[in-house]
Amino acid sequence: MASVPAGHKQKLFNATDGGLTHRSGSDKSKEEHGRGRSNVEAPGEADDLLVAMGYQSELVRNRSTLQVAFMSFVLASIPYGLATTLFYPLIGGGPANVIWGWIMLSVIILAVAVSLGEITSVYPTAGGVYYQTFMLAPLWCRKILSWICGWSYVAGNITITLAVNFGSTLFFISCINVFEGDDGVPIFPGETYQIFLVFVAITLICNLVCAFGNKWLPWLDTFAIFWTFAGVIAIVISVLAIAKEGRHSAKYVFTDFEPTSGWPDGWAFCVGLLQAAYATSSTGMIISMCEEVQHPRTQVPKAMVFTIILNFFCGLLFLLPLMFVLPDLADLVALASGQPLPIILLSAVGNKTGAFCLTIPILVLAMFCGIGCTTAASRATWAFSRDGAIPGFQLWKKVNPKLDVPLNAMILSMSVQIILGFLYFGSVAAFNAFSGVGVICLTVSYAVPIAVSLIGGRMHIKRGSFDMGLLGLICNIVALAWTALAIPLFCMPSYLPVEAATMNYASVVFVAIIVISSAWYYAYGRTHYKGPPVQEDAAIEHRLSVTHQYGN
């Protein structure tokens with residue numbers, strides 16, 4: 001790997017030869033709170049490696065291996081993510097689009113997770129993909145590439161969190177409206193301003209929980225995974241056992257392809273992949289939590305890969321029964337108003353109260369997902385601000401010493417979400433734009449370090465603890481091919497003909513992000529942004545070699 005340019009090397013905190021003589025100023029306060037290290041961990045090993053990479057430890061490492069895996073699961077919240085975007089594969093091709101799209105995307109995202117896991121095992125920081133890009137890229141382009149990657153990553157975290165909270169709003173309203181009268185008049189009118197206010201309320205609740213309940217979040221994530229499977233099992237048993245309108249054959253579920261979106265068949269299927277891509281787009285968001293994990297270089301890669309496998313089976317368990325009891329597709333699309341699950345449940349159980357009760361597990365999971373995404377988005381914003389890349393970074397890079405969270409960065413992320421939420425007043429397809437641009441930005445941010453690593457011959461992977469060899473190479477190629485498809489794909493309208501109110505504005509938001517980040521780079525970053533404060537590679541390599549002896 002190329003050395004750091006002269007004048008850019010920073011010997012922080014008296015770190016020399018990879019050995020450390022300084023401890024984070026926050027360590028003492030952490031010990032006073034009784035939050036010690038794991039007995040199987042080398043004393044300060046994770047923090048020492050972090051300092052070797054140029055950063056001071058400021059956050060509390062309070063997550064175990066299972067807890068970080070559970071958070072990764074909650075970020076995806078598969079039943080919720082698949083439920084709120086089920087409309088897109090249904091109009092894209094029906095049951096076959098739903099099932100085969102999910103299987104295909106799960107394999108692709110597993111390749112992305114393996115690729116990111118290999119790199120994260122070498123560079124486990126909250127900066128994640130943009131730090132990795134800077135370290136792996138050639139000297140002549142490392143600064144601009146890390147800038148592009150960082151802005152894509154932060155924007156993706158924020159917009160996918162916005163999509164989650166906005167999707168929760170629309171799903172909540174559709175669940176309430178299963179109680180509509182016989183005249184078809186909904187009990188919650190869902191006026192534009194009402195939807196916006198509910199969205200703001202959900203966003204505020206998620207941020208308040210993240211800010212004041214940080215130390216309890218690992219336990220909330222642990223509870224969420226048991227809640228998820230209990231809810232999915234309840235839905236599966238209820239809809240299959242009752243099935244008021246009968247059950248379809250396996251042939252219908254796995255082979256019936258009825259595109260109604262107006263696109264040609266093949267492209268309609270691809271546009272329908274937004275559901276699966278949205279549900280799995282959070283794969284790399286867990287990297288933002290590296291500085292709150294006890295053994296990040298092994299725990300985070302394992303959590304990413306394990307969660308994709310778990311999500312795959314959970315998604316099939318959730319989707320298959322729904323396809324077996326699917327009501328008439330044309331009627332469902334006409335009545336769904338973008339959220340078909342409550343109608344499917346009502347059709348299957350034949351009782352409004354019963355249908356609403358079956359949506360409660362997913363409504364609760366929606367809040368868990370919003371809280372998890374809010375946490376990850378705030379960490380990504382804080383980490384990028386820490387390196388001076390966001391306007392006003394001096395304010396956003398601060399960590400609140402009482403709450404042990406980057407509160408200012410959290411407020412910034414929340415404010416951007418609420419401002420973007422005003423787009424709903426101009427287009428009812430705003431949720432599609434939010435989810436689409438979130439998927440695009442995160443996919444791009446994941447692809448940049450993978451591409452740089454692949455072009456560089458993947459030599460650095462051997463220094464980590466997650467080298468997958470030839471399989472890793474194949475996964476890199478699959479991940480980059482998916483990126484090339486996803487960018488234009490999710491800028492497309494979901495169905496034709498296109499009108500102003502139904503246009504997919506993901507491309508508009510994506511271009512706005514590019515313009516803002518480019519303008520800030522030429523106004524400030526070109527002369528002031530130096531990239532992450534990296535040490536000599538030898539220091540990092542020394543710390544990596546030290547950790548091997550502790551069997552992390």
Side-chain angles (χ1 to χ4, degrees), residues 1-10 53-55 112 115-116 119-120 122-123 125-159 284 287-288 380-394 396-397 409 416 437-438 440-460 476 479-480 483-484 486-488 491 507 509-537 540:
M1 182 179 302
S3 60
V4 181
H8 186 55
K9 300 171 185 175
Q10 297 186 31
M53 289 187 287
Y55 294 112
V112 175
S115 300
L116 290 177
I119 304 173
T120 302
V122 183
Y123 302 114
T125 76
V129 288
Y130 86 86
Y131 181 96
Q132 296 162 3
T133 298
F134 187 87
M135 291 298 293
L136 298 173
L139 290 177
W140 64 272
C141 63
R142 68 193 319 183
K143 190 167 76 168
I144 185 64
L145 284 181
S146 69
W147 182 275
I148 293 171
C149 184
W151 273 88
S152 295
Y153 187 57
V154 172
N157 271 264
I158 292 175
T159 52
I287 302 175
S288 295
T381 305
W382 164 75
F384 205 36
S385 299
R386 183 173 58 178
D387 291 328
I390 296 179
F393 63 88
Q394 294 286 357
W396 318 126
K397 72 177 185 178
V416 172
V437 77
I440 292 169
C441 287
L442 287 175
T443 301
V444 169
S445 71
Y446 301 159
V448 176
I450 295 172
V452 173
S453 170
L454 183 61
I455 293 171
R458 294 171 40 87
M459 298 302 296
H460 63 287
N476 291 173
L480 295 178
T483 302
I487 294 174
C491 288
S507 57
V509 179
F510 184 57
V511 170
I513 293 169
I514 293 174
V515 170
I516 293 172
S517 62
S518 299
W520 181 238
Y521 181 79
Y522 283 101
Y524 174 87
R526 185 171 52 173
T527 55
H528 294 87
Y529 176 69
K530 303 300 181 183
V534 298
Q535 292 280 8
E536 291 278 10
D537 284 349
I540 299 175

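The structure displayed is predicted, hence computed values, not measured ones.
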Nearest heavy-atom pair of Ser385 and Ile390: which atoms, and what distance? OG-CD1, 3.5 Å
Could I get the full list of side chain to side chain contact (heavy atoms under 4.5 Å, CB included) partners for Ile455, not counting sequence neighbours? none
Which heavy atom in Val122 sits nearest to a heavy atom in His460, and how many Å separate them? CG2-O, 3.6 Å
Gap separating the CE atom of Met135 from the OG1 atom of Thr125, nearest 0.5 angstrom: 10.0 Å
Indicate the atoms forming the closest heavy-atom contact of Phe134 with Pro532, along with that distance. CG-CD, 3.4 Å
What residue among Trp147, Tyr131, Tyr130 forms side-chain hydrogen bond (donor to acceptor under 3.5 Å, both in side chains) with Asp387? Tyr130
Donor-acceptor contact below 3.5 Å, side chain Ser453 vs main chain Pro449: no
Spatial distance of atom OG1 (Thr443) from atom CG (Leu480) [nearest 0.5 Å]: 11.5 Å
Restricting to non-hydrogen atoms, name the atom on Ser445 and the atom on Val129 that form the minimum distance, rounded to 0.1 Å. O-CB, 3.6 Å
Both conditions, 6.0 Å and 45 degrees, for the charged tip of Arg526 above the ring of Tyr521: are they met here? no
First locate atom CD1 of Ile287, then atom OG1 of Thr120, and finally report the distance between them rounded to the nearest 0.5 Å. 3.5 Å
Taking all heavy atoms of Ala155 and all of Cys441, pick out the closest pair and write down the distance. CB-SG, 4.1 Å
Pairwise side-chain contact, Leu145 with Arg142, heavy-atom cut-off 4.5 Å (strictly under): no
Using the benzene-type ring in the case of Trp, are the ring centres of Tyr153 and Phe384 under 6.0 Å apart? no
Measure the CZ-CG distance between Arg458 and Leu136 for me, rounded to the nearest 0.5 Å. 11.5 Å
Ring pair (Phe, Tyr, Trp, His ring centres under 6.0 Å) against Tyr446, all qualifying residues, sequence neighbours excluded: none
Do any N or O atoms from the side chain of Trp151 and from the backbone of Ile516 form a donor-acceptor pair under 3.5 angstrom? no
Ile144 to Cys141 - nearest heavy-atom pair and separation: CG2-O, 3.3 Å
side-chain contact (heavy atoms from CB on, under 4.5 Å) partner of Val437, chosen from Ile158, Leu442, Val509: Val509
With no hydrogens and no angle check, is any side-chain donor or acceptor of Trp382 less than 3.5 Å from a backbone partner on Lys397? yes
With Ile487 via side chain to side chain contact (heavy atoms under 4.5 Å, CB included) - residues at least two apart: Ile440, Val444, Thr483
Can you check whether Phe393 reaches Tyr529 side chain to side chain, under 4.5 Å on heavy atoms? no
